Amino acid sequence: MSGPTYLQTMVQWLRAPALLSTGIAVLASGLLYFKQNDVIYPRNIPENARTEVPKPHQFKIEHSEELSLRTPDEVNLHAFLIRPNAQHARNITIISFHGNAGNIGHRLPIAKVLSEDLGCNVLFVEYRGYGYSSGEPNEKGLGIDAQTALDYVRNRKDLRDTKIIIYGQSLGGAVAIGLVGKNQSQGDIAGLILENTFMSIRTLIPSVLPPAKYLTLLCHQLWPSNDVIPTIKKVPILFLSGLQDEIVPASHMKGLYDACVAEKKIWKAFPEGSHNDTIAEPGYFDAIEDFIVNEVLDEGEKSKSAL
Ligand SMILES: *[C@@H]1O[C@H](CO)[C@@H](O)[C@H](O)[C@H]1NC(C)=O
Ligand SMILES: *[C@@H]1O[C@H](CO)[C@@H](O)[C@H](O)[C@H]1NC(C)=O
Ligand SMILES: CC(=O)N[C@H]1CO[C@H](CO)[C@@H](O)[C@@H]1O
């Protein structure tokens with residue numbers, strides 16, 4: 001793997017800011033209804049997250065394009081498309097939805113491994129209000145952003161005949177589940193990968209902070225993944241769960257797994273993985289590669305190994 005050093009650096013960064021956990025405390029301490037978008041979408045953490053988005057060349061990523069995707073409601077989404085070397089390329093495009101802080105540049109080490117080591121095209125999209133994207137984040141808007149990213153891949157000549165995998169970490173898992181739930185009927189979404197995501201925001205609040213239980217009704221950003229996941233039938237799903245997750249208890253991933261009735265569902269737990277660093281646990285990318293080879297590619301495509 002070419003990416004471990006970058007991944008370690010990325011994990012160091014992810015450890016620094018206080019993310020959802022402090023967010024929940026703020027939520028509970030009364031700022032509640034009007035401030036919850038700032039809490040659930042801390043797009044200004046770290047401090048320079050809206051002004052400095054690291055570029056692919058800083059991670060020695062060779063093939064990349066910087067894109068601006070226009071949504072139907074006229075928001076400009078900043079995105080990177082990372083391509084594998086032609087001789088290693090697989091017939092796959094991964095659309096990645098990020099967690100709730102930072103920007104896509106901070107997560108480029110992940111794209112590097114997925115493209116260079118696993119041979120996939122990778123589209124990293126920055127939600128509205130994050131990084132260089134315009135607009136303000138909210139549940140409805142992020143749903144439009146996700147749809148815009150998928151439609152972009154579906155309409156782009158050199159990507160539209162690839163198999164699409166939707167990959168979401170933490171908040172991005174909820175975005176990914178919502179998108180696949182709405183768009184599975186066309187049959188071009190070949191896989192869904194979820195990492196350390198929650199069953200819903202309302203169920204997350206009491207498990208993180210029991211006294212806040214009664215506050216959950218004031219929560220207007222719902223992200224009801226537990227209701228949507230049972231509607232996904234034909235798309236294979238990989239669940240990557242860090243059992244030491246201190247922000248989203250691992251019981252949420254297990255709950256989603258249990259609620260899942262997809263024809264293929266794969267469970268992969270990382271006993272030492274916490275919310276931020278499961279990505280750097282041994283076997284993480286192997287699990288993704290196994291999923292791609294066993295559940296996503298057609299028989300004829302399997303022999304063309306990317307490695
Ligand atoms: C992950 O990030 C959270 C929030 O910033 C922090 O509280 C926690 O200590 C981090 N976890 C690890 C294992 O570094
Ligand atoms: C890539 O996958 C698509 C969608 O399954 C399929 O139609 C196409 O034939 C595949 N292309 C190659 C070169 O294997
Ligand atoms: C093919 C398909 O199912 N597309 C749908 C994806 O979801 C959007 C938003 O709900 C619909 O407008 C599309 O028809």
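As the structure lists them, so they are numbered: ligands from 1, and atoms in each ligand from 1. Small disclaimer: the values here were computed from a predicted structure and weren't measured.
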(request) Please work out whether any backbone atom (N, CA, C, O) or any side-chain heavy atom from C-beta onward of Asp188 is under 4.0 Å from ligand 2, and answer side chain, backbone, both or neither. (result) neither
(message) Is there a polar contact between ligand 2 and Thr162, counting only N or O atoms under 3.5 Å apart?
(response) no
(request) Within a distance under 4.0 Å of any heavy atom of Glu301, pick out the atoms of ligand 2 and give their elements. (result) 1 (C), 2 (O), 10 (C), 11 (N), 12 (C), 14 (O)
(request) Ignoring hydrogens, just give me the one of Lys182, Gln147, Arg154 whose non-hydrogen atom is nearest atom 8 (C) of ligand 3. (result) Gln147
(message) Do the side chains of Glu136 and Arg43 get close enough for a salt bridge, i.e. N-O under 4.0 angstrom?
(response) yes
(request) Check whether NZ of the Lys or CZ of the Arg Lys265 lies under 6.0 Å from the centre of the six-membered ring of Phe239 and within 45 degrees of that ring's axis. (result) no
(message) One thing to verify: whether Arg156 and Asp151 come together as a salt bridge, which I'm taking to mean a side-chain N less than 4.0 angstrom from a carboxylate O.
(response) no
(message) Can you tell whether the side chains of Lys112 and Glu62 come within less than 4.0 Å, N to carboxylate O?
(response) no
(request) Would you mind listing which atoms of ligand 3 come within a distance below 4.0 Å of any non-hydrogen atom of Ser185? (result) 3 (O)
(request) Check whether any protein heavy atom sits under 4.0 Å from atom 14 (O) of ligand 3. (result) no
(message) Check this for me, if you would: do Arg90 and Glu289 make a salt bridge, where the nitrogen-to-carboxylate-oxygen distance has to be below 4.0 angstrom?
(response) yes
(message) For the CD atom on Glu47, are there more than 12 heavy atoms of other groups (residues, nucleotides or ligands in this structure) within a distance under 6.0 Å?
(response) no
(request) Pick whichever of Asp151, Asn183, Asp188 has a heavy atom sitting closest to atom 2 (C) of ligand 3. (result) Asn183
(request) Compute the shortest N/O to N/O distance between Asp298 and ligand 2 and return yes if it is under 3.5 Å, no if not. (result) no
(message) As an exercise, identify every atom of ligand 3 less than 4.0 angstrom from a heavy atom of Gln186.
(response) 1 (C)
(request) Show which atoms of ligand 2 fall inside a sub-4.0 Å distance from at least one heavy-atom site of Asn91. (result) 1 (C), 2 (O), 3 (C), 8 (C), 10 (C), 11 (N), 12 (C), 14 (O)
(request) Decide whether Asp73 and Thr71 meet the rule of one side-chain donor and one side-chain acceptor closer than 3.5 Å. (result) yes
